[in-house]
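As the structure is a prediction and not an experimental result, all values here were calculated from the model. Chain identifiers are assigned alphabetically (A, B, ...) following the order of the sequence lines, protein sequences preceding nucleic acid strands; residue numbering begins at 1 within each chain. Basis for what follows: all heavy atoms, side chains included, without hydrogens, waters or symmetry-related copies.
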Amino acid sequence: MPELPEVETTLRGIEPWIADQIITQLNVRQGSLRWPVTPGLAKIAQGQKVCALRRRAKYLIMQLERGSMLIHLGMSGSLRLVEPETEWRKHDHIEMQMSNGSVLRYHDPRRFGCWLWSGAEHSQLARLGPEPLSADFDGHRLYQLSRKRKMAVKPFIMDNNTVVGVGNIYASEALYRSGIRPDRAAGNIAEKRYMVLSGHIKEVLKAAIEQGGTTLRDFVNGNGEPGYFQQTLAVYGRGGQPCRHCGTLLKEIKLGQRSSVFCPNCQR
DNA sequence: CTTTCAGCCTGACGGC
DNA sequence: TGCCGTCAGGCTGAAA
């Protein structure tokens, strides 16, 4: 499940191998993703240089000479560098060959990701909130945006309009660290608590990115799956198990269609 | 305006 | 053993 840290880790892993290189060939084997892969993408991309690779929210933006490719990993997607002529695995959908011999493979069993070309601005990026690790995101923003909102705080912080890149895992963990119940109404939380929460969102994402860095070699070699976060998760996926702080059994509820685990004693 | 929810897709898992 | 239902997840756009 690629969340922001995984996307950032992917970016850092592949960037040195493809930046400033020319796309010699692009193969689309399966173009039926979240949105259909832009028709003619292979022909459009071929011969263009990768001028830059950057991340916005959970999107990767591959800046080429005449426009950009917007890439999303959905929830099961991955980008890996593989040896040339590597046998195609099931669910390998796209391959990009570079002038330095690097080969990038896109693998995505559930096909929730996307590869979209645009010569101008991608509409998907138009109304995104601030990056969680930027100075534009802080407790003041959470407080201001949440006034009079009845929505539970967890879906509120997972809303891309509030702040981007906070998925179910890290929202759950940040709320636990902040001592805030995920089902508390967003509009009913004091500014001070939002200051604490915004700090923990940043911390948890930073920590995950740092740990993701240890799996960089996996991306280069094309082996293995990143599984770095599992050991450090306090609540996500631990419903019914004891809280590591107080021993109270963690409670699991549904919020906005998503499972949410919290400690009824530590979080209020 | 805010909030909810279906739909996209496959693999893993539990029950029978 | 295999079949079936359920779940997981990000994101959009339509409905309430």
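- Using a 4.0 Å cut-off, some side-chain N or O of A:Asn160 falls inside it from OP1 or OP2 of C:dC11.
- Ring-plane geometry between A:His93 and A:Tyr106 is classed as tilted, the angle between the planes lying from 30 to 60 degrees on a 0 to 90 degree scale.
- Straight-line distance from the CD atom of A:Gln124 to the P atom of C:dC11: 11 Å, rounded to whole Å.
- Nucleotide B:dT4 holds its P atom 11 Å from the CG atom of A:Asp159, rounded to whole Å.
- When the side-chain nitrogen and oxygen atoms of A:Lys254 are compared with OP1 and OP2 of B:dC5, none of them lie within a distance under 4.0 Å.
- Contacts of A:Phe156 with the nucleic acid, taken as non-hydrogen atoms under 4.0 Å apart, are absent.
- Taking side-chain N and O atoms only, A:His72 has a distance below 4.0 Å to OP1 or OP2 of C:dC11.
- A:Tyr59 belongs to a hydrophobic cluster with A:Trp35, A:Ile61, A:Leu70, A:Leu116, A:Leu125, A:Leu128, A:Val164, counting contacts under 4.5 Å between side-chain heavy atoms of Ile, Leu, Val, Met, Phe, Trp and Tyr, direct or through other members.
- Between A:Leu70 atom CG and C:dT12 atom P the separation is 10 Å, expressed in whole Å.
- At the phosphate of C:dT12, neither OP1 nor OP2 sits under 4.0 Å from any side-chain N or O atom of A:Arg34.
- Residue contacts shown for A:Lys148 are absent, as no nucleic acid heavy atom lies under 4.0 Å away.
- Proximity note for A:Pro109 (side chain, C-beta onward) versus B:dC5, C:dT12, B:dG11: the nearest is B:dG11.
- Relative to the six-membered ring of A:Trp88, A:Arg105 meets both conditions, a distance below 6.0 Å and an angle of at most 45° to the axis.
- The interatomic distance linking A:Leu33 (CG) with C:dG10 (P) rounds to 17 Å, in whole Å.
- Side chain of A:Gln46 to backbone of A:Gln25: no donor-acceptor contact under 3.5 angstrom is found.
- A close approach under 4.0 Å does occur between a side-chain nitrogen or oxygen of A:Arg149 and OP1 or OP2 of B:dT3.
- At a cut-off of 3.5 angstrom, counting only N and O atoms as typed in the model, there is no donor on one side facing an acceptor on the other between the side-chain of A:Arg258 and the base of C:dA8.
- If you measure from atom CD of A:Gln30 to atom P of B:dC8, you get 15 Å, rounded to the nearest angstrom.
- Taking only side-chain nitrogens and oxygens, A:His91 never comes nearer than 4.0 Å to OP1 or OP2 of B:dC9.
- Taking only side-chain nitrogens and oxygens, A:Lys90 never comes nearer than 4.0 Å to OP1 or OP2 of B:dT10.
- Across all strands shown, A:Gly256 has no heavy atoms under 4.0 Å from either base or sugar-phosphate atoms.
- Residue A:Trp117 comes nearest to A:His122 through the heavy atom pair C-CE1, 3.8 Å, listed as atom of the first residue, atom of the second, then distance.
- Here the C1' atom of nucleotide C:dT6 and the CZ atom of A:Arg110 are 13 Å apart, to the nearest Å.
- For the pair A:Leu255 CG and C:dG10 P, the interatomic distance rounds to 14 Å; values are reported in whole Å.
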